[in-house]
Structures are given as structure tokens and as C-alpha cells.
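Remember, it's a predicted structure, so these values are computed and weren't measured experimentally. In what follows, chains are A, B, ... by sequence order, proteins preceding strands, each numbered from 1.
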2 protein chains.
Amino acid sequence: MNDGLYKCLAESNRRRILYCIGEKKMCVNSISECLKMEQSLVSHHLKELLRCGLVERERRGKKNYYKVSKKEIIELLESARKLGDSLEVCDGG
Amino acid sequence: MNDGLYKCLAESNRRRILYCIGEKKMCVNSISECLKMEQSLVSHHLKELLRCGLVERERRGKKNYYKVSKKEIIELLESARKLGDSLEVCDGG
DNA sequence: CGTTCATATGAACAACCATTCATATTTAAT
DNA sequence: ATTAAATATGAATGGTTGTTCATATGAACG
């Protein structure tokens, strides 16, 4: 069923992290600063992203570098965003 | 930000409903029977799908017919499924 | 070893969400 | 108007999840 992927992408901070990393490799601190998010929160989310295979980790010295594991992930985010924009959200009524 | 789309797709029963409807138009009862889900549950989920613009409703007599509002939605589900399958999920460790 | 930087972890809490049950609304037919 | 069929709604509940805070782990270096 692979609920994990969907659940993972459903969280806006996790999507922000993925977008932030993009095609680079980034350590936790950089992501944390870049997004102005608490370090521990970034860490928690990275753990979840790792668990679902959306990012990969590369330990180097003190720092841990993360990268998005497949370019298709960003592409998926892009098409979802476009699709989302094109939908007519119907609120209250 | 349009969190709605992602949140909506993150729920497996809602995805099942979308897949079930596919390119057809279906009334609540049919969906309910087809997926062996309680009528009220289907109704609740359809309401959410409607709210996010993922389905559209067509009232006809007693019955309400629902259809997936854009074919891109099913396509997105498909690519997400494929991507999900290709990811190496890393559990406990 | 002790210290510092970088990251991970765990507990606790609040907010959210899916499900169920019971009931209301709507439409059509008699 | 009554009844039945189809769907919607609301309250209640249990479970999940995001966030924070405090603390632990690990790695490098004096």
C-alpha cells in the first residue's frame, strides 16, 4: 500500500525540507537555518523522510549530509503543486 | 500553500475512492458497496474530496453522482504509486 | 579525559483526523 | 401526508502526529 510516501509528503515542513535540499547535499544545521526551523524538529522530520526513503544520509565527520534520494520526488512535488493550483477549492457551503 | 490536496491524498480510503470512481460517475451507494465501506464514511470522505476540488458532484434525483474532477489526479496517484514502489523504505534501525 | 560542535532521541502535550453510531435531510413515489 | 430510498450531518471517541523541551549520543580536537 505504501502509505508512507503520501503521509510523508502531506506535511508542509517536510515538503519545505525537500525543496530546500533540492539537488544539493545539506547538513541538518544548514536546513535548520535556511528554513528557520528548530534543529530538533528538522531532525525529527529528516528521520521520517529517511524512513520512507525520500532522503539519503551521508555521514562525514561531525556533520550529516542529506540529499533527496531521487529527482522524481521533486518532480512529483512540482506536478502536485501545479495540480493543486488548478483545482477549484470549494469552501464552506 | 494548498495543503489540502496533499492531506486529501494522504488517506488511503480517499485514494481508494478516487481509484474506484476512476473515469466513471458513481453514486455513494455504489462506492460504498464496491469498497465495502460504511455509507457514512464514504460520505464523509467525499465531502473532504469535494472540499479540495478532487471530485465534483452531480445531483440527479435521489442519487448523487460523483466524478474525479481532473484526469491528472489519477495520473498523479499513478506516478506516486510507482515512485513509492521504487523507494527503499528503511525501517527500524 | 574534558570540551565543544552537530545531530539524534524521548517524553509530553496539544491539535488534528478517521471512524462509528445515531439521526437529519432530501427526493421521489404511493 | 406517509413512506422509503439515498445521502448528509453531528457528536463522540480513539488513535495518530507535529511540535517543543530537555537530554543523550557521537565525532573531533585540545
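In this structure, A:Arg59 forms no cation-pi arrangement with A:Tyr65, as its terminal cationic atom is not both closer than 6.0 Å to the ring centre and no more than 45° off the ring axis. Cation-pi contact between B:Arg15 and A:Tyr6: present, with separation from the ring centre below 6.0 Å and deviation from the ring axis of at most 45°.
Distances shown here put every side-chain N or O of A:Arg57 at or beyond 4.0 Å from the OP1 or OP2 atom of C:dT7. Contact annotation: B:Arg59 side-chain N/O to D:dT7 OP1/OP2 distance is not under 4.0 Å. The side chain of A:Lys47 contributes an N or O atom lying less than 4.0 Å from OP1 or OP2 of C:dT9. In this model, the phosphate group of D:dA27 is not approached by any side-chain N or O of A:Arg60 to a distance below 4.0 Å at OP1 or OP2. Contact between the side-chain N/O atoms of A:Asn64 and the OP1/OP2 oxygens of C:dA8 is found at a separation under 4.0 Å. Taking side-chain N and O atoms only, A:Asn13 has a distance below 4.0 Å to OP1 or OP2 of D:dT19. An OP1 or OP2 oxygen of D:dA6 is reached within less than 4.0 angstrom by no side-chain nitrogen or oxygen of B:Tyr66.
Distance, A:His45 NE2 to C:dT7 P: 17 Å, rounded to whole Å. Rounded to an integer number of Å, the gap from CE of A:Met37 to C1' of D:dG18 is 10 Å. Taking atom NZ on B:Lys25 and atom P on D:dA6, their separation rounds to 19 Å, with Å as the unit. Between the C1' atom of C:dT9 and the CG atom of A:Leu50 lies a distance of 14 Å, rounded to the nearest Å. Computed from coordinates, the B:Met26 CE to D:dA6 C1' distance equals 15 Å when rounded to whole Å. What separates CZ of B:Arg14 from P of C:dC17 is a distance of 9 Å, to the nearest Å. Rounded to whole Å, atom P of D:dT17 lies 5 Å from atom NZ of A:Lys7. B:Glu48 places its CD atom 12 Å from the P atom of D:dT9, with the value rounded to the nearest Å.
Residue order along DNA chain D, read from the 5' end via each residue's closest nucleotide, puts A:Glu38 first among A:Glu38 and A:Gly61. Comparing A:Leu41 and B:His44 by the nucleotide of DNA chain D that holds the closest heavy atom to each, the one mapping nearer the 5' end is B:His44. A residue-by-residue look at A:Leu46 and A:Lys62 shows that A:Lys62 has its nearest nucleotide of DNA chain C further toward the 5' end.
Side chain B:Gln39 to base D:dA6: no donor-acceptor pair is found below 3.5 Å.
A donor atom on one side chain and an acceptor atom on the other are found under 3.5 Å apart for A:Tyr19 and A:Glu78.
Nucleic acid contact for B:Glu11: sugar-phosphate only, since backbone atoms but no base atoms lie under 4.0 Å from a heavy atom of the residue.
With contacts defined as side-chain heavy-atom distances shorter than 4.5 Å, the pair A:His45/A:Met37 qualifies.
Ion pairing of A:Lys67 with A:Glu58 is absent here, as no side-chain N (NZ or NE/NH1/NH2) approaches a carboxylate O to less than 4.0 Å.
Of all non-hydrogen atoms in A:Ser86 and B:Lys70, the two that sit nearest each other are OG-NZ, 3.3 Å.
Set against D:dT19, D:dT7, C:dT9, the side chain of A:Ser43 has C:dT9 as its closest nucleotide.
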